[in-house]
Protein chains: 2
Amino acid sequence: MSTITEVSKLAGVSLATVSRVMNGTENVREATKEKVLAAMKELGYRPNAAARSLASNKSNSVGMMVSELHGPFYGPMMSGAERAIRTAGKQFLIVASHADEEQEKKAIEYLLSCQCDALILHCETLSDEYLESLETGDTEVILINRMVKSMHDNCLSIDNVQGSFLATEWLIKHKHNNIACLLGPQVKHDARERFWGYQQALAKYNIPFRPELIEQGEFTQDDGYRVANILLNKNTDLTAIICGNDEMAFGAIQAVNEHGLNVPDDISIIGFDDVSFCAMITPTLSSVINPAYDFGVEAASRILKRVYNIEPKFSTSKPISEVNVPDLVIRESVRELE
Amino acid sequence: MSTITEVSKLAGVSLATVSRVMNGTENVREATKEKVLAAMKELGYRPNAAARSLASNKSNSVGMMVSELHGPFYGPMMSGAERAIRTAGKQFLIVASHADEEQEKKAIEYLLSCQCDALILHCETLSDEYLESLETGDTEVILINRMVKSMHDNCLSIDNVQGSFLATEWLIKHKHNNIACLLGPQVKHDARERFWGYQQALAKYNIPFRPELIEQGEFTQDDGYRVANILLNKNTDLTAIICGNDEMAFGAIQAVNEHGLNVPDDISIIGFDDVSFCAMITPTLSSVINPAYDFGVEAASRILKRVYNIEPKFSTSKPISEVNVPDLVIRESVRELE
DNA sequence: TTGTTTAATGTAAACCTTTTCATTTTTCAT
DNA sequence: ATGAAAAATGAAAAGGTTTACATTAAACAA
């Protein structure tokens, strides 16, 4: 691989001039510029990112951490952020943490050691204290789906309690009384918040909380299926199920069908996140909107402004603030009782 | 941020020793090691990846390029590769190219300038010559969904022609004669190959090729819907539609439904790729398996072996060779005619 | 012990840029 | 034409690590 030195020799100028041409920052005479560009081309020169970053103490890259690289929720979130960052000419790195504490820490360490200028994190296990400690460095950090009060301006999330409350309330208002709840893993704060929203709604309408209507599982289709079966086997009177997320809801629909019951005629189901397949499955799934794509775009936009002083070219479909009031989308999977 | 020098001073040893402790390569006395580790911890030392990569000419990272970060096909592909790479303790970088030639080149340039030790590329627009030129460097390159003869051992793909042939043949064998074809964008080689497989099957069974049964669109649900409508408006006798991929197929199902027709009673539909939602929608979608996850794992495994001399811990569910014979999964979206 | 081999550690150059500061060249007003 | 100011360029240090080579300390045999 050729280096800047070789380019400078071929072009008959100094290192510094080649660097200036590359970065386009300072004045270089047009004739010189062309000589350098020609030399670069001839040698197939490609700047060494490591050396640049070492010398400049900047990497021109933004790192993102997500739990998984696949899945209907993370995909749009990554895409949104990527689009905004790349359009601004900055580089974008992604690492997956698999929602494991140690791996989350390692992933962040890695992004930091890459000298990322900013970080976008969707973390599931890390404590507020750990996240706060990240702020002490000079790397901008934005958290998605998480609210740490002391980092308020750097957090983007929806009000999970409110979202779950809305979903439950809709069911209550439409005459459902025996509403089951398929919880996500309660080690995750969003799963806990969603549970709390359910409880709040019951309380508001004076509906007794029945522990037998609660089951907990992973945020997956398989576990939704498994856990919904448990629920259906022990309860014959339930008319609706609120699910921790859409994947679980889809598993629940399968379980309901296998029990010879119909969604929504026998049982109404509401998911959470409103991922793309909600509108694809049969019946279409009612859900609480969690605007993953917009969160990605918004996170990136804030970074572009704050770190690079660039006015972002993309904007979100609707304004995104720190804590967003979620909307409920009603589709075929629910019905009102008389 | 603290540096290796500060660590060495605090521990009372030389730079070299700290480096040796970090890398664990050479002999260091146990007592010394502990001193160094303690100093690192005390300072919160984090190695500078740029400096390491510059000095060692290695980055311990593998780069991947995909067209999009979201979507049911790329997600599993990224996940498979990521899992294998990270388990081996190497780092994993992803960039998106948006299936645009210039952006694909830029993305690759970026990964190379990051000194990635190896590249996994899913490219759509680049020429064989360009890809061959990448091989001249000392960076290992693996191509997914692409076969360049001169790089045979570095390519992983399915036989698209064969896949499409199988799907078409199934329909023919089950008495379908008027089989329409929803093509993907013919600038993409896989879309072209799939078209070719369709033609081959017709030819083999002496079914005349009817241009009015062919429409071309993007590989998206929206375009599948749009293009299927065109097809349905001008053809009243078709009984089956072969689609360029699963997204298009889903769009086609919607179009068929809106025309007051039923899948599969009136029209049979087969997709391509067998992404996860095939089994989730109604009717479940028949498709040709394109093992994205396994391709990711296999690509990573080959790199681990060749570049790092590490025996990979993960293996694919079934053996993956360079060009794989695809399987057809028959689900509810097709029926046999009498 | 003494000398020899091996293990542990240290020194300093190298990796490729950026960037400060100094120097040279150009421009332009007089 | 002259000098001052501005623009263009160059020289060299700095950035944090690895690693070849040199040195010192430990281990061990005689």
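Here is how names work: the chains are called A, B, and so on, in the same order as the sequence lines, proteins then strands, and each is numbered from 1.
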### Task
Take atom CG of A:Asp153 as the centre, draw a 6.0 Å sphere, and report whether it contains more than 12 heavy atoms from other residues, nucleotides or ligands.
yes
### Message
So if I take every side-chain heavy atom of A:Leu15 and compare against D:dT18, D:dT17, C:dT18, which nucleotide ends up nearest?
### Response
C:dT18
### Query
When you match A:Ala16 and B:Ser14 each to their closest nucleotide on DNA chain C, which lands nearer the 5' end?
B:Ser14
### Task
Verify the neighbour count for atom NZ of B:Lys58: are there more than 12 heavy atoms of other residues, nucleotides or ligands below 6.0 Å?
yes
#### Entry: Which nucleotide in C:dT18, C:dT9, D:dT18 has an atom nearest any side-chain atom of B:Met22
D:dT18
### Query
Do you see a donor-acceptor pair shorter than 3.5 Å between the side chains of A:Glu132 and A:Ser150?
yes
### Query
For A:Ser19 and C:dT18, is the shortest distance between a side-chain N/O and OP1 or OP2 below 4.0 Å?
yes
### Message
Closest approach to the side chain of B:Ile4, judged atom by atom: which nucleotide of C:dT18, C:dT11, D:dT18 is it?
### Response
D:dT18
### Task
When you get a sec, tell me which of D:dG10, D:dA20, D:dG16 is the closest nucleotide to the side chain of B:Leu54?
D:dG16
### Query
How close or far is atom C1' of D:dT18 from atom CG of B:Asn60, stated in whole angstroms?
13 Å
### Query
Does D:dT9 have OP1 or OP2 sitting under 4.0 Å from an N or O in the side chain of A:Thr32?
yes
### Task
Tell me whether the guanidinium CZ or amine NZ of A:Lys90 lies under 6.0 angstrom from the six-membered ring centre of A:Tyr308 and within 45° of its axis.
yes
#### Entry: Whole-Å gap separating P (C:dT9) and NZ (B:Lys33)
11 Å
### Task
Answer yes when A:Asp128 and A:Arg146 have at least one side-chain N-carboxylate O distance shorter than 4.0 Å, and no when they do not.
yes
### Message
Is there a side-chain contact between A:Asn48 and the phosphate of C:dC15, meaning an N or O under 4.0 Å from OP1 or OP2?
### Response
no
### Query
Once you round it to whole Å, what is the distance between C1' of C:dA8 and CD of B:Glu34?
16 Å
### Query
Does A:Ser56 have a side-chain nitrogen or oxygen under 4.0 Å from the phosphate oxygens OP1 or OP2 of C:dT18?
no
### Query
Does B:Asn27 place a side-chain N or O at less than 4.0 Å from the phosphate oxygens OP1/OP2 of C:dT9?
no
## Note on the structure
Per atom distances to the A:Ala51 side chain, the nearest of C:dC16, C:dT9, D:dG10 is C:dC16
### Task
Give the rounded distance in Å between these two atoms: CG of B:Leu43 and C1' of D:dG16.
15 Å
### Message
Determine whether a donor-acceptor pair (one donor, one acceptor, N or O, separation below 3.5 Å) exists between the side chain of B:Arg46 and the base of D:dG16.
### Response
no
### Query
Out of D:dG10, C:dT26, C:dT17, which has the shortest distance to the side chain of A:Arg29?
C:dT26
### Task
Round to a whole Å and report the spacing from CD of A:Gln115 to P of C:dT17.
17 Å
### Query
Can you find a donor-acceptor N/O pair under 3.5 angstrom joining the side chain of A:Arg20 to the base of D:dG10?
yes
### Query
From C:dT17, D:dT17, C:dG10, pick the nucleotide closest to the side chain of A:Ala55?
C:dT17
### Task
Write down the distance between CZ (B:Arg52) and C1' (C:dA14), rounded to a whole number of angstrom.
17 Å
### Message
So for atom CG, which belongs to A:Asn57, do other residues, nucleotides or ligands contribute more than 12 heavy atoms lying within a distance under 6.0 Å?
### Response
no
### Task
Please determine if a side-chain N or O atom of A:Thr17 lies less than 4.0 Å away from the OP1 or OP2 oxygen of D:dT9.
no
### Query
According to the Watson-Crick and G-U wobble definitions, with both distances under 3.5 Å, which nucleotide is paired to C:dT30?
D:dA1
### Message
Checking contacts here: which listed nucleotide (C:dT18, D:dT17, C:dC16) is nearest the side-chain heavy atoms of A:Thr3?
### Response
C:dC16
### Query
Under 4.0 angstrom, heavy atoms only, what part of the nucleic acid is B:Val18 near: base, sugar-phosphate, or nothing?
nothing
### Query
NA contact type, A:Asn57, heavy-atom cut-off 4.0 Å: base, sugar-phosphate, or nothing?
nothing
